[in-house]
> 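Just passing along the structure, written as structure tokens.
We name chains A, B, ... by the order of the sequence lines, and we start the count at 1 in each one. Nothing here was measured: the structure is a model prediction, and the numbers come from that model.
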Number of protein chains: 2
Amino acid sequence: MSKGVEWALHTLLNLDVVGGGPVGSAQLAEAHGLSPSYLNKQLQLLARAELVVSVPGPRGGFRLAKPLEAITLLDVVEAIEGGTELFHCTEIRCGGKIGELSPPPTGRCAVNAAMRRAEEAWHQALAAQSLADIRTELTASPLVRQVVRSALN
Amino acid sequence: MSKGVEWALHTLLNLDVVGGGPVGSAQLAEAHGLSPSYLNKQLQLLARAELVVSVPGPRGGFRLAKPLEAITLLDVVEAIEGGTELFHCTEIRCGGKIGELSPPPTGRCAVNAAMRRAEEAWHQALAAQSLADIRTELTASPLVRQVVRSALN
DNA sequence: GATCCATTACTCGGATAATACATGTCCGAGTATTTGCGG
DNA sequence: CCGCAAATACTCGGACATGTATTATCCGAGTAATGGATC
């Protein structure tokens, strides 16, 4: 799984602490010692998913498009990873000797169905948690908020 | 997620249909039109995980080490993928300005904890399904078994 | 005819390339700010 | 002093290298079967 998901999650939480004003990707990257250009790429993915809005020009940057209560872990993962399909069925049952000897398959591949069930459980667990829940256990102490604000000027 | 998981699952199911006799990796690969050498690599991973046993020499090959009832989807995924960690926390909270200004973190990273919860749901769903369950819905008709047996000589 | 042994052919096993994807970097398009000029 | 316009600096946005993990391939080590020679 891509490392950008971790970057995106922490960055979204930081954006919430700061407040409404847009913050540049360079500052957001410096806050965690990340590659500015690459974080910018992830932020653009978040912008396409309408999780953040980009403000061009001087004093521009990114700000949250929704409150954290409206952003789930699944939203972020799908925004960064694109297709969330962990297990991709290539229908190997239709190839080789078995595929030639068998009639065209009628239902879905049983292997695929089983893996999809597990993946569905993952999706539900991701969708059940919002970033607001993480904020609750992360920034319980006011000290953390203060540090984040001072780190982002 | 690696493509080898799909190959391994189908191959294990085919090994069950055949019965006890060892089957060579070349035949198993030809059954689904796969790369023989690469499938062999996956089978070695399954052998290290004690899901199959390898028999060297002529008339050798691989056979199941356990009945399908004792093999879960999680066993196969862990055997092929090694570390099953979907989300790997790199502790970026300890780097950059925020890391420098903050005191050493006490508990676990809240972001990591949330992702772990979702991953745990995935693991449980994988562990809850055995290959015997898949066999039930896959080889319901005797025709399928017959095709597999004839494809593997 | 049975037994033993050397040969043989076939399989696994791991070391070795080719490829695709994630990671990281760079420069151009666009805009709000700033600055200088004219009224 | 106020309004306007041109220049400017700063930001996003996407196109371009690099590193790494997956995918694919090849050849050697080891073993059971096989064939022949011997008792």
> Main chain of A:Leu86, side chain of A:Glu119: is a donor-acceptor contact present, judged purely on distance under 3.5 Å?
yes
> Take atom CZ in A:Arg108; do more than 12 heavy atoms of anything else shown fall under 6.0 Å from it?
no
> Starting at atom NZ of B:Lys3, determine the distance to atom P of D:dA21, rounded to an integer number of angstrom.
19 Å
> Between A:Ser2 and C:dT23, does any side-chain N or O lie under 4.0 Å from OP1 or OP2?
yes
> Could you tell me the separation between the CD1 atom of B:Ile80 and the P atom of D:dT22, rounded to a whole number of Å?
12 Å
> Any chance you could list the contact pattern along nucleotides 6-19 of chain D? Use B for base contacts, S for sugar-phosphate-only contacts and - for none, protein heavy atoms under 4.0 Å, 5' to 3'.
----BSSBB-B---
> Could you give the OH-to-P distance, from A:Tyr38 to C:dC21, as a whole number of Å?
14 Å
> Do A:Asn14 and A:Thr11 have a side chain donor and acceptor closer than 3.5 Å?
no
> Between B:Met1 (CE) and C:dA20 (C1'), how many Å, whole number?
17 Å
> Regarding A:Thr72 and A:Asp75, is there a side-chain donor-to-acceptor distance under 3.5 Å anywhere?
yes
> More than 12 heavy atoms of other residues, nucleotides or ligands under 6.0 Å from CZ of B:Arg59: is that the case?
no
> Exactly one of A:Leu12, A:Leu73, A:Leu68 should register a side chain to side chain contact (heavy atoms under 4.5 Å, CB included) with A:Ile134. Which one does?
A:Leu73
> Specify the separation, in whole Å, of atom CH2 of A:Trp7 and atom P of C:dA22.
14 Å
> Closer than 4.0 Å, any side-chain N/O of B:Ser35 to the OP1 or OP2 of D:dT25?
yes
> Rounded to whole angstrom units, what separation is found between the CD atom of A:Glu6 and the P atom of C:dT23?
11 Å
> Nearest-Å distance, CD (B:Gln42) to C1' (D:dA21)?
13 Å
